[in-house]
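Reading through the structure tokens given below for one structure.
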Amino acid sequence: MTAVADHVALDETALAELQAAFRGQVVGRDDPSYDEHRKIWNGSFDRYPALIARCAGVSDVIAAVKFGRRTGLPVAVRGGGHSFPGYSVADGALLIDLSPMKGTRVDPEARTARVQAGVLLGELDKETQAFGLAVPSGIVTHTGVAGLTLGGGIGWIQRKFGLSVDQLDSIDLVTADGEFVKASADENADLFWGLCGGGGNFGIVTEFEFNCVELGPTVLAGPVFWPMEQSPDVLRFYRDWVADAPDELMTIVVHRKAPPLPFVPEELHGKPVVMVICCYAGPVEEGEKVVRPLKEFGSPVADVCVPKPFLTHQAMLDPSFVPQRWYYFKSCDVDELTDDVIDITVERSLQISSPLTSFPIWQMGGAISQRRDDETAFNGRTAGHTFNIGCCTETSEGFDEEREWVRNFWSALEPYHTSVYVNFLGDEGADRVRDAYGAEKYDRLKALKQKYDPDNFFRINQNIPPG
Ligand SMILES: Cc1cc2nc3c(=O)[nH]c(=O)nc-3n(C[C@H](O)[C@H](O)[C@H](O)COP(=O)(O)OP(=O)(O)OC[C@H]3O[C@@H](n4cnc5c(N)ncnc54)[C@H](O)[C@@H]3O)c2cc1C
């Protein structure tokens, strides 16, 4: 036996066989790169896996799964490493790290993209935008395509083109038995349904195939700012304005202390602001007409909603989500921005203490709501707005207070909660996972788990126990 982590002894024969079969890198506790590879995006998690299997391809994933089976180690799976509750790594676990798997192939004629499990959103966008194409994904470029897609995938073009899973065509997957299977609407359709929202419960996806949509490369996009004291009026105006907005328009409202970024006027730096960030997934001239009433409401202190490359817009929020800072989130959907919801939002936002805390309120609806709710495992197609209440501090200093602010804010909104997006859940227990899917879908997912992973081999995730 080899002592690899403090309290985990590994079977030497199994380890030697894994190393012999592996194309990628097997990283143990003594490896100089161990610290680099165990780190994940959220700096508040400091975890020590027993072994890190950095997979180069499908054969490595199969070998790693078989090693996990043989040794009985708990298994964590990492794509982009952005799990809110830090499930991308676990103490004493075998970490199956897919981040080296970067293959991406766009077929501009068929308008499809094949994407391996380690690809990040910004990497995929660069490949697709080279052809004026896009796959709907999220709003921060260093998030993983894998984890995001398996939970649903919401982002800047969702109201026009739907969720990431709404453009998903097929999936390659390694099961808990180390078998390679494919899933699509025509092949293993039950599994495909579950993978469109059911997370990492059913196996390890090695590759996704998406349909691409036409977009840009120039879009009208960016934020319009007002001082936060004006937020009660801004949000009331916003509520009425977006009620009739075309699906091309996607907006996210952010409350925060204005960051010292070049596009923010210097006199605003550090001052509480509300911003409505737009992205128009259609012709720029048309977008200008749609966005004009917002730009003319009250007296915005800054307006940087302008034509720009979609790639630039996609990276706009990256400076707000720098890796290794400390983060905490709690999320809920609400039907409407009622006067009460607005008043709670503004009251709590004015209490933000950390200059790094910023939280998005997502406008939902559009194409997402136009598909039948039971078409995918993703729940919440009828949500009006998604609150992703989050906080951020540079280090542990001040983190507990800021986290308390998140919890209190979320509790204050409790009377208005409807659904919750599974990818925005923390480590909140089995009932919340059930809430995220709703009773009917949850039972269907449990049956699927029983079929594909009856031993709950993949359990370090938003877990759906077999049953
Ligand atoms: C800064 C930031 C911005 C975000 N923005 C958005 C957004 O705009 N839209 C949105 O929808 N979500 C967003 N999210 C939430 C995001 O979708 C989830 O955190 C998602 O799980 C991240 O995926 P990942 O691959 O980066 O993370 P990981 O931590 O690597 O993966 C998360 C979980 O997914 C599973 N998983 C990952 N890869 C695989 C695989 N190949 N096969 C099987 N299971 C796998 C595992 O269970 C793993 O624990 C954001 C998160 C962060 C931190």
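First listed ligand is number 1; within each ligand, the first listed atom is number 1. For reference, positions follow the sequence shown, starting with 1.
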Residue, atom name and distance, where the atom is the protein heavy atom closest to atom 51 (C) of ligand 1: F84 CE1, 3.2 Å
For the residue pair Y327 and F329, categorise the inter-ring angle as parallel (less than 30°), tilted (30 to 60°) or perpendicular (more than 60°). parallel
Is the shortest side-chain N to carboxylate O distance from E127 to R105 below 4.0 Å? no
F321 N/O under 3.5 Å from ligand 1 N/O: no
So, do D333 and M364 sit near enough that their side-chain heavy atoms are less than 4.5 Å apart? no
Indicate, as side chain, backbone, both or neither, the part of L98 found under 4.0 angstrom from ligand 1 when only non-hydrogen atoms are considered. side chain
Does the distance from a Lys or Arg side-chain N to an Asp or Glu carboxylate O, for R38 and D46, drop under 4.0 Å? yes
Counting from 1 in the order shown, the ligand 1 atoms closer than 4.0 Å to a non-hydrogen atom of A117 are 41 (N)
Any side-chain heavy atom of S164 within less than 4.5 Å of one from L148? yes
Atom 6 (C) of ligand 1 has as its nearest protein heavy atom L148 CD1, 3.9 Å
Considering only heavy atoms, which of G147, G155, G151, C392 lies nearest to atom 23 (O) of ligand 1? G147
If the contact criterion is a heavy-atom separation under 4.0 Å, does F424 count as touching ligand 1? yes
Answer with yes or no whether W362 contacts ligand 1, where contact means a heavy atom under 4.0 Å from a ligand atom. yes
Measure from atom 15 (C) of ligand 1 to every heavy atom in V75, I154, V119, N423 and give the option owning the shortest one. N423
Any N/O of W41 closer than 3.5 Å to an N/O of ligand 1? no
Considering non-hydrogen atoms of the protein only, which is the closest contact for atom 43 (C) of ligand 1, and what is the distance? G203 O, 3.2 Å
Could you list the atoms of ligand 1 found under 4.0 angstrom from a heavy atom of G138? 7 (C), 8 (O), 9 (N)
Atom 8 (O) of ligand 1 - nearest protein heavy atom and its distance: I139 N, 2.8 Å
Hey, would you say the F378 and Y437 ring centroids sit under 6.0 Å apart? no
Report the part of L150 in contact with ligand 1, treating N, CA, C, O as backbone and CB onward as side chain, heavy atoms under 4.0 Å; options are side chain, backbone, both, neither. side chain
Residues K449 and N463: closest non-hydrogen pair is NZ-ND2, 4.0 Å
Kindly check if the number of other-residue, nucleotide or ligand heavy atoms within 6.0 Å of NZ (K182) is above 12? no
Hey, can you tell me if F359 and H255 have their rings parallel, tilted or perpendicular (30° and 60° cut-offs)? parallel
Logged contact type for S83 with ligand 1, heavy-atom cut-off 4.0 Å, is both
What residue and atom, counting heavy atoms only, is the protein's closest point to atom 4 (C) of ligand 1, and at what distance? T143 OG1, 3.8 Å
Starting from atom 48 (C) of ligand 1, find the nearest protein heavy-atom neighbour and note its residue, name and distance. V77 O, 3.3 Å
G144 neighbourhood, listing ligand 1 atoms whose heavy-atom distance to it stays under 4.0 Å: 23 (O), 24 (P), 25 (O), 26 (O)
Does F458 have a heavy atom less than 4.0 Å from any atom of ligand 1? no
Tell me, please: is G81 in heavy-atom contact with ligand 1, that is, under 4.0 Å? yes
Is any N or O atom of S88, backbone or side chain, closer than 3.5 Å to an N or O atom of ligand 1? yes
Please determine whether a side-chain nitrogen of the Lys or Arg among D166 and R371 lies less than 4.0 Å from a carboxylate oxygen of the Asp or Glu. yes
Top protein contact for atom 42 (N) of ligand 1, by heavy-atom distance: V205 N, 2.9 Å
Atoms of ligand 1, numbered as shown, that sit under 4.0 Å from any heavy atom of R78: 30 (O)
Hey, does G153 sit under 4.0 Å from ligand 1 if you only count heavy atoms? yes
Contacting atoms of ligand 1, where contact means under 4.0 angstrom from a heavy atom of N461: 47 (O)
Is the closest basic N to carboxylate O distance between E336 and R239 below 4.0 Å? no
Report, in ascending order of atom number, the atoms of ligand 1 lying under 4.0 Å from any heavy atom of A146. 38 (N), 39 (C), 41 (N)
Option whose closest heavy atom lies nearest to atom 27 (O) of ligand 1, chosen from M101, H82, Q462: H82
Can a salt bridge be assigned to the pair D177 and R69 using a cut-off of 4.0 Å between side-chain N and carboxylate O? yes
I need the atoms of ligand 1 closer than 4.0 Å to a non-hydrogen atom of Y87, numbered in the order shown. 49 (O)
Considering only heavy atoms from C-beta outward, does the side chain of N42 approach that of F84 to under 4.5 Å? no
Give me the residue, atom name and distance of the protein heavy atom closest to atom 24 (P) of ligand 1. G80 N, 3.4 Å
Which is closest to atom 30 (O) of ligand 1 in terms of heavy atoms, C55, P85, G79? G79
Quick one: does NZ or CZ of R444 land under 6.0 Å from the six-membered ring centre of W193, within 45 degrees of the ring axis? yes
So, the side chain of N201 versus the backbone of Q462: is there a donor-acceptor pair under 3.5 Å, distance only? yes
d(M275 CE, F225 CZ) to nearest 0.5 Å is 4.5 Å
